[in-house]
Asks: 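Below is a structure I'd like to ask you about.
Counting begins at 1 with the first residue of the sequence. The structure presented is a predicted model; accordingly, all values stated were derived computationally and were not measured.
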Amino acid sequence: MQFLLYVVLYPLLWIISILPFPVFYAFSDLVCFFTYRVFGYRIKTVRKNLEIALPHLSVAEQKSIEKKFYSHMCDLFLEMIKTMTISKAEMDKRFVISNLSLMQEIEQNGKSIAIMTSHYASYEWSISINNKLSHESFAIYKKISNPYFDKLIRKIRSKFGATLINTKETIPTIESNFAKGIKSIYGFASDQSPRASRAIHWDTFFGIETPVQTGAEILAKKYDMVMVYMHIKKVKRGYYECRFELMSDNPKSVPDFELTTLFMRKVEAQILEAPEYYLWTHKRWKHKRQVS
C-alpha cells in the first residue's frame, strides 16, 4: 500500500514542481483554500498557539496572522516540492545569503559549525546554502514512516549538497566525523518541543516555561563546534534572505544552557518581526509551566 501511494502521488508532485511560478503560487492559493477554509487543518492548535504567544494582540489581529500563516504554510510545503526541479540559478535568485563571508571565515579557521535555526520562513530552501560552502553539510530531520516518501524527501533536501541524517544517526555521524578530523556543518532545527521524558532543561518561550531542545549546544561543546544562528527573512512571496549570526566561536567557555537560552530569545524576536511565517501547527507548549 505504501508503494502504491508513492507511485500514484509521485507523478502529481513532479507536475507541481515544473509549474511556472505564477501558476505554481495560484495552485498554492487553491491548496490553501481547502487546507484552511474547507478542512481547517490543525486550526485549533494554531489558534491556541497564537493566543499563548501573542496575547497582546486583539482577536482580529490574531485572525489576520492566522490567515497569512496558512497561505505561507502552503507555499512552504509546495516550495519543498518545487525543489525537485528548480535550477541552481533560480534558487540563488530566490534564497539569498547576505553575509556568506562569516561562514567562509569559520571554515577557513578549521572549525565545524552547528547551525541553529527554527521552523520559520523557508527552512526548506535553506538547504541551498550547502553548494556555497566547503565543509560537508549534514541536515538533521525526522524520518518519515513511509520508506518511499522518506527516500524522496532525502533526495529533495540533499539536492544542493547536504547529506540528510535522521535523529538517530546524528550522534554517531558527528562522533565519526570528529574522530576522522572531518570538518562539517550540521543543521539543527531546535525550536520544537522534546519529549518530556527526555528533557534535561526548561526555559521560557513567550513567557511559558517549557522543556527545550539542548542537543545542539551539548554536541557543540563536546565536539568543539562554532554555533551560528540562521536568521531567514521572507522578502516577498517566493523570495527569502538569509543572514548568519555568530552565537559563540567557543561554546565550551559559555555556561551550560546559556546558548540554548540565547537561541530561544532569537527565535522569539524573529517570530515577533512577522508572526505569520512561523510554523504554528506544532504543539510547542505540550508540556508547560506558567511563569509568574
Asks: Which is it for Glu66 and Tyr36 under the side chain to side chain donor-acceptor pair (under 3.5 Å) test, yes or no, and what are the steps along the way?
Replies: CA-CA 9 Å; Glu66 175 187 300; Tyr36 178 43; 2.6 Å; yes
Asks: Under a single-linkage definition using a 4.5 Å side-chain heavy-atom cutoff for Ile, Leu, Val, Met, Phe, Trp and Tyr, are Phe149 and Ile15 assigned to the same hydrophobic cluster?
Replies: yes
Asks: Please identify each residue that fulfils salt bridge (charged side-chain N to carboxylate O under 4.0 Å, His left out) with Glu245, with sequence neighbours left out.
Replies: Arg243, Lys266
Asks: Do Met84 and Ile81 touch side chain to side chain, with heavy atoms closer than 4.5 Å?
Replies: yes
Asks: Of all the heavy-atom pairs spanning Glu79 and Thr83, show the shortest one and how long it is.
Replies: O-OG1, 2.9 Å
Asks: Compare every heavy atom of Tyr123 with every heavy atom of Ser118, then report the nearest pair and how far apart it is.
Replies: O-CB, 3.8 Å
Asks: Is the shortest heavy-atom distance from the side chain of Phe95 to the side chain of Ile232 under 4.5 Å?
Replies: yes
Asks: May I ask you to check whether over 12 heavy atoms, not counting those of Phe21, lie within 6.0 Å of atom CZ?
Replies: yes
Asks: What is the ring orientation for Tyr10 with Tyr6, classed by angle as parallel under 30°, tilted 30 to 60°, or perpendicular over 60°?
Replies: tilted
Asks: Taking all heavy atoms of Leu279 and all of His282, pick out the closest pair and write down the distance.
Replies: CD2-CE1, 3.2 Å
Asks: Mark yes when over 12 heavy atoms from residues, nucleotides or ligands other than Lys142 sit less than 6.0 Å from its NZ; otherwise mark no.
Replies: no
Asks: Has Lys233 got more than 12 heavy atoms of other residues, nucleotides or ligands less than 6.0 Å from its NZ?
Replies: no
Asks: Looking only at atom types and distance, does a side-chain atom of Lys234 sit under 3.5 Å from a main-chain N or O of Tyr240, one as donor and one as acceptor?
Replies: no
Asks: For residues 246-253, which side-chain donor-acceptor pairs fall under 3.5 Å, sequence neighbours excluded?
Replies:
unit_1, atom_1, unit_2, atom_2, d
Ser248, OG, Asn250, N, 3.1
Ser248, OG, Asn250, O, 3.3
Ser253, OG, Asn250, O, 2.7

Asks: Given side chain to side chain donor-acceptor pair (under 3.5 Å), test Tyr141 with Arg154 step by step and report yes or no.
Replies: CA-CA 9 Å; Tyr141 82 113; Arg154 292 173 75 107; 2.9 Å; yes
Asks: Heavy-atom distance under 4.5 Å between the side chains of Met230 and Cys242, does that happen here?
Replies: yes
Asks: Take Glu273 and Tyr120 through the test side chain to side chain donor-acceptor pair (under 3.5 Å) and record every step on the way to the result.
Replies: CA-CA 11 Å; Glu273 289 175 10; Tyr120 185 90; 5.1 Å; no
Asks: Classify the ring geometry between Phe206 and Trp280 as parallel (under 30°), tilted (30 to 60°) or perpendicular (over 60°).
Replies: tilted
Asks: Under 3.5 Å, is there a donor-acceptor pair between the side chain of Lys82 and the main chain of Leu19?
Replies: yes
Asks: For the residue pair Ile165 and Thr170, what are the closest heavy atoms and their distance?
Replies: CD1-CA, 3.9 Å
Asks: To check you understand the geometry: which heavy-atom pair defines the closest contact between Ala220 and Met227, and what is its length?
Replies: CB-CG, 3.6 Å
Asks: Per the side-chain hydrogen bond (donor to acceptor under 3.5 Å, both in side chains) rule, which among Glu217, His201, Gln213 passes with Thr260?
Replies: Glu217
Asks: Is the shortest distance from a Lys or Arg side-chain nitrogen in Arg265 or Glu268 to a carboxylate oxygen in the other one below 4.0 Å?
Replies: yes
Asks: May I ask you to check whether over 12 heavy atoms, not counting those of Lys132, lie within 6.0 Å of atom NZ?
Replies: yes
Asks: Set out, in order, the CA-CA distance, both residues' side-chain angles and the distance that settles side chain to side chain contact (heavy atoms under 4.5 Å, CB included) for Glu90 and Lys93, then state yes or no.
Replies: CA-CA 5 Å; Glu90 187 68 39; Lys93 286 193 326 186; 3.6 Å; yes
Asks: In terms of relative ring orientation, are Phe178 and Tyr223 parallel, tilted or perpendicular, with 30° and 60° separating the classes?
Replies: perpendicular
Asks: Checking Glu61 against Ser58 for the side chain to side chain donor-acceptor pair (under 3.5 Å) test, could you report, in this order, the C-alpha distance in whole Å, the side-chain angles of both residues, the deciding distance, and whether it holds?
Replies: CA-CA 5 Å; Glu61 289 171 323; Ser58 67; 3.3 Å; yes
Asks: Between Phe69 and Tyr278 (judged by ring centroids, cut-off 6.0 Å), do the two rings come close enough to count as a pair?
Replies: no
Asks: For atom CG of Leu100, decide whether the heavy atoms of other residues, nucleotides or ligands shown that lie under 6.0 angstrom number more than 12.
Replies: yes
Asks: Side-chain contact, heavy-atom cut-off 4.5 Å: Arg94 with Ser128?
Replies: no
Asks: Between Ile113 and Val228, what is the shortest heavy-atom contact and its length?
Replies: CG2-CG2, 3.9 Å
